[in-house]
There are 2 protein chains.
Amino acid sequence: MYKVSEFSKMTGLSKETLRYYADVKLLEPAYINPKNNYRYYDNGSYLIAMILVSLRKFNFTIQEMITVMEDESFENLETILIQKKLGIEKKIEDLKNTIEEIDQFLQWGKEEEEE
Amino acid sequence: MYKVSEFSKMTGLSKETLRYYADVKLLEPAYINPKNNYRYYDNGSYLIAMILVSLRKFNFTIQEMITVMEDESFENLETILIQKKLGIEKKIEDLKNTIEEIDQFLQWGKEEEEE
DNA sequence: ATAAACCATGTTGTGCACCACAGAGTCAAC
DNA sequence: GTTGACTCTGTGGTGCACAACATGGTTTAT
């Protein structure tokens, strides 16, 4: 059983983030001492935290992470990750289009100069 | 000289956006009637608005747009746009890396199943 | 002259994912 | 047993780019 500070160092999640994740029921402490409300995390928490850290890297929103976590068997995780990939690929396409548009804008600027 | 509503329709920028742009000195009205504070825009405003609409499409922040506008000759516009392109290209690279990481995560999941 | 449509200012709210603080209680080490 | 490090709760703030009011004055068309 780890207290927040220790668990924070283990996971790389700040204490505030841990509190926030507990608030939104994304990662609740394994045990809360009713006498002082100290929050304790265990190795199970650690595994979940590791997954959350990954999902965060993958640009998951909190809501999406909650959706993943609601399904304890992680049955849908693969599907969701594939969906996420598609979303990212679309974003890449959008950015490429933006680059296209910038190029056109630059081109237009050059033509103006020539006239 | 156009009043906000008309100018809003011409440019596609909402009235609130126009007010906001005036507040942050990004696009100030060509004339303000001191009697009633009505804001009037002219054809010069329109040209600037068109550029702003483009920059917005290019994911420029307000601050960046202000930087562009501070330089009335638009001398640095090309440089800034090229910089912006580089930034977008970096973002694309980041997203591609994210996809890579998701793939690895998925792969790791499959290996776990096999064991 | 009256009603509809327009304009102004000022303030608050939005969404996201936390961060930062204040004030107070608690624990650990020496 | 005292000091320093830790913990809690609650509240407010952050950044971005507006949107959404409320309230009240003005203009335009009939």
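Letters A, B, ... are given to chains in the order of the sequence lines, protein chains preceding strands, and every chain is numbered from 1.
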Check your understanding: C:dG15 P sits how many Å from A:Q63 CD, rounded?
Key -> 12 Å

Practice item. Please check if the distance between the ring centroids of A:Y46 and A:Y2 is under 6.0 Å. Key: no

Exercise for review: Scan B:V4 against the nucleic acid and name what it touches under 4.0 Å (heavy atoms): base, sugar-phosphate only, or nothing.
Suggested key: sugar-phosphate

Practice item. Using modelled atom types only, decide if a donor and an acceptor are shared between the side chain of A:D71 and the backbone of A:N76 within a distance under 3.5 Å. Key: yes

Check your understanding: Reading nucleotides 24-30 of chain C from the 5' end, what letters show protein touch, with B for base, S for backbone sugar-phosphate only, - for no heavy atom under 4.0 Å?
Key -> -BSS---

Exercise for review: Could you note down all residue pairs passing salt bridge (Lys or Arg N to Asp or Glu O under 4.0 Å) where residues 45-66 of chain B supplies at least one of them, sequence neighbours left out?
Suggested key: B:E64-B:K84

**Study point:** Short side-chain N/O contact from A:R39 to OP1 or OP2 of D:dT7, under 4.0 Å
**Key:** no

Give me, pair by pair, the N or O atoms of the protein and of nucleotides 18-21 of chain D that are less than 3.5 Å apart, along with how far apart they are.
from: D:dC18; atom 1: OP1; to: B:R56; atom 2: NH1; distance (Å): 2.6
from: D:dC18; atom 1: OP2; to: B:Y21; atom 2: OH; distance (Å): 2.7
from: D:dA19; atom 1: OP2; to: B:S14; atom 2: OG; distance (Å): 2.6
from: D:dA19; atom 1: OP2; to: B:T17; atom 2: OG1; distance (Å): 3.2

Check your understanding: To the nearest Å, how far apart are B:D23 CG and C:dT9 P?
Key -> 8 Å

Check your understanding: Any salt bridge between A:D23 and A:R19, counting N to O under 4.0 Å?
Key -> no

Study note, to complete from the structure: In whole angstroms, the gap separating P of D:dT7 from CE of A:M1 amounts to 14 Å

Study note, to complete from the structure: The residue, B:F60 or A:N37, whose nearest nucleotide of DNA chain D is more 5′ is A:N37

**Study point:** B:F7 CZ - C:dC6 P separation (whole Å)
**Key:** 18 Å

